[in-house]
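Numbers restart at 1 for each chain; the letters A, B, ... are given by sequence-line order, proteins then strands. All values reported here derive from a predicted model rather than from experimental measurement. Just the heavy atoms: all of them, side chains too, but no hydrogens, waters or symmetry mates, feed the values below.
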Amino acid sequence: MGELRAYVALAGAQARSAFSYRASFLIELVGNVGATVFDVLSVLVLFRATDRIGGFDLPEALLMTSITSSGFALADFAVGNVDRLKTYVRAGTLDAVLVRPLGALPQLLLMDLPMRKMLRVVFGVTVLAVALGLNDVDWTPARVLLVTLAPLSCAVFMGSIFVISASLAFWWVESGEIGSAFTYGGRDFASYPITVYGPAFRGLFAYALGFAFVAYQPALALLGRPDPLGLPAWAGFASPLVAIGAATVATIVWRIGIRQYRSTGS
Amino acid sequence: MIKTKDLQKNFAVRVKSGRFRREKRVVEAVAGVSLSIEAGEMVGYIGPNGAGKSTTLKMLTGVLSPSGGEVEVCGLQPVPQRTRLALRIGVVFGQRSQLWWDLPLHESFALLRHIYRVPAAEHAARLRRCRDLLDLDDFLDTPVRQLSLGQRMRGELTAALLHGPRVLFLDEPTIGLDVVSKQAVRSFLAELGATGDVTLVLTTHDLADIERLCERLVVIDHGRVVHDGTIEALHARYGSRRSLVADLSSPLPEGFVLPGATLVGVEADRHRVTFALDGVTAGAAVADLVTAVAIRDLSVVEPDIEDVVARLYAS
Amino acid sequence: MAGKDASVLTISPDSPKRSSITTFGALVGSGFRRYTTYRQATIAGTFTNIVFGYLRCYVLLAVAASTLGGRPAGYDREQLATYVWLGQGLLSVIMLWAWSELAERIRTGDVAADLLRPVSPLTAYLAADLGRAGHAMLTRFIPPVVVGALCFPLHVPARWTTVPLFLLSVLLAVVVSFGCRYLVNATAYWLHDARGPILLWVLGAGVLGGLYFPLRLLPDWLAATLWLATPLPSILQTPLDVAAERDGPAMQAGLVGLQACWAVVLLTLAWIVQRRAERRLVVQGG
């Protein structure tokens, strides 16, 4: 209990730090919402040229985009900071974290609570609501459950990808942008129907890494459409399991990474 | 309070050999350090750059895991019992801040109370004491980023002490400080050490810190302890001596011998001479000298620790 | 200095123009060499650009596949693939991402050291940026284009003039991008913290530069307005359209001419802003 209060206090301190640069905070807030708006806008623009992409029409595609974008925004808000790990490793800030009586990962995440990223979650969820309205969903209890679980599972999955990508810095401090290929790349991948991708690329991202279960399969299950790629209908409901699997892997990778840091230093 | 036995830390470094090949080479940053520090001791841990000081400190605080040997701080294993140990130790890194950069100092302190789960009354009492001793009141409301280095260091010291640690580790606490701030930090630490409640381990390059604060001095070089004992023992071991500097009214006669002392310096046409005192008291040497020559001025110089340490590093 | 007299340095006997060209060349060279030391970051960044290349290429090809006649916004499949893969290569050359070096130096006050040099900061940074771009052209442009060519059919230029025109267009794009980045960073002289403006630049340049989708997909009036009223399409869209031969020779040359105009306008603006900032710095102190 005391530990929880410590984390709450840490979070509060970060919020106050952010507000101490009021002008920057506002601009970054606007900028962050802008980034999410542009992601959705891109989909709308592409649909100006055609009425179907990969066999899906605009409302259907928008459903996938919005599940991804609300889940990603949530993950980025909660753990997106972790991609600064390489800076912390290089600057030795991690040492200061390790001499405190709290877990290392939560401390790192709370070192800069990005309040500015909050509005993106709101925007993502709004688009999701609009997309659900545009589609003719045949609501069943299972689908109601799925529509709440899908963005959360997406957030857990994306958050795990964030942690795994960032952990790379424990072994390779100069890993630079390579993590974004999987975090931001994964988000872009999952924003479109995965039918658009070539078989090898799709095999890697969608099934080997699991990005198919972020938005594509849940969206099919919500829409009641059979998967043109042949997975059964229940695959959409597997997304929480895939997310838990990813979180497990992320935890293990992080633990091994910290041990690696301990044995090599910076 | 702190026990290490044959503590080791090896780093694997990749060295370029040839155009594309890279060779793995093992560097022994700490090569078998055995220390035993009792509660209430004040220990200075010094060594040239790259000697392994910070690496040792990181192993003692649970940041790095040792490659070999044993280590125990406050009866705990630093790495496996990191969070429990963290509650009992305080750490000050001179070159990086533990405070919240954008928040006023007092908010950092309040936050640390939550992080370390300190009862409010205890926290307030300790803060009160630090505020008095370190004159924090003028800048408690200032965001840390706007503090001067000296003010920030006083804040860092307070931050490390608010949870009442049994051991305080200080990694170069006076680095970059001006003379006044250095004095403030030193007298604060001296007072803290005098209570005997806290064990103090500090690394530094400023030997004045050591002279002022530490009874015991551990010198490390190339990952090994080369001296462990009092400053006097170090002087005795390396034959550093007090010396007698005299300004004479007339030049020192050729072939003059002062019993028990060696002539080590002659300046200003033999008008200023320096004798190193080997086995004789300053009083006896002065008495011998006045009988031989007329003296205008006289001073006895204590041995310089910097010289000793420089000789130690060089050997 | 060993073995030399401590003589007073004299101005080099070369003509001023020639020596300033030599200085500029040396600065370009140092910008180039500086980036050769970031080999690991180069590899990591190239990998990421290639992954995004696959993503964007598949999506645009899927759009083409379901468009009537298979030519969305007037690009055929090969032109779209060229657009994507050359774009992924050029990303690092024109540096569409955040560049905050100048803003950081202004914030910390280090910029005062730049003002002490006999070369104006604008010239020095431009030279360094050209060196950086040259290095990126050799190391970061080629890999995505090679990968793209191996996996997708790319458009082979039908006119020989396209190649030199493309290279000229890339050079102008670097200058235009530099001008924008310099102006964005220079806001730090007044705002002290340029993070906000830099963020807006990264956003705007990505979308309105043509990275997310070819601007030709927008309604014509909007695309034309963007091209004429903002420098952003001149940064990425123009060189890519030139390389993909989206338009006839006259339009191609016209777009590059427009880039040149923007380059001149932005450099002039940057020069004026720098002068005002320096005067302000001298009057008010850092």
**OP:** Could you tell me whether Tyr212(C) and Phe38(A) have their ring centroids closer than 6.0 angstrom?
**Re:**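 Ring centroids of Tyr212(C) and Phe38(A) are no less than 6.0 Å from each other.
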Original post:
Ring centroid separation for Trp85(C) and Phe141(C), is it under 6.0 angstrom?
Top reply: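 Ring centroids of Trp85(C) and Phe141(C) are no less than 6.0 Å from each other.
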**OP:** Considering only heavy atoms and a distance below 4.5 Å, find which of Leu200(C), Val59(C), Ile43(C), Leu218(C) pairs most often with chain A.
**Re:** Val59(C)
Subject >> Heavy-atom contact with chain C under 4.5 Å, split by part of Tyr184(A) >> reply: both
Original post:
Any side-chain heavy atom of Thr46(C) sitting closer than 4.5 Å to one from Thr42(C)?
Top reply: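 They are in contact (side-chain heavy atoms under 4.5 Å apart), so the answer is yes.
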Original post:
Side-chain contact, heavy-atom cut-off 4.5 Å: Tyr192(A) with Tyr216(A)?
Top reply: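 The answer is no; the side chains never approach within 4.5 Å.
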Interchain contact, [X] with chain A, by part (heavy-atom threshold 4.5 Å):
X         : result
Leu199(C) : side chain
Val63(C)  : both
Leu55(C)  : both
Leu61(C)  : neither
Pro219(C) : both

**OP:** Return the option, out of Gly198(A), Ala200(A), Gly54(A), Gly55(A), with the maximum number of heavy-atom pairs under 4.5 Å with chain C.
**Re:** Gly198(A)
**OP:** Find the distance between CZ (Arg52(A)) and CG (Leu58(A)) and round it off to the nearest 0.5 Å.
**Re:**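 Arg52(A) atom CZ to Leu58(A) atom CG measures 11.0 Å (nearest 0.5 Å).
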Original post:
Do you know which of Tyr197(A), Phe189(A), Phe213(A) makes ring pair (Phe, Tyr, Trp, His ring centres under 6.0 Å) with Phe205(A)?
Top reply: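 Testing Phe205(A) for a ring pair (Phe, Tyr, Trp, His ring centres under 6.0 Å) against Tyr197(A), Phe189(A), Phe213(A) leaves exactly one candidate, Phe189(A).
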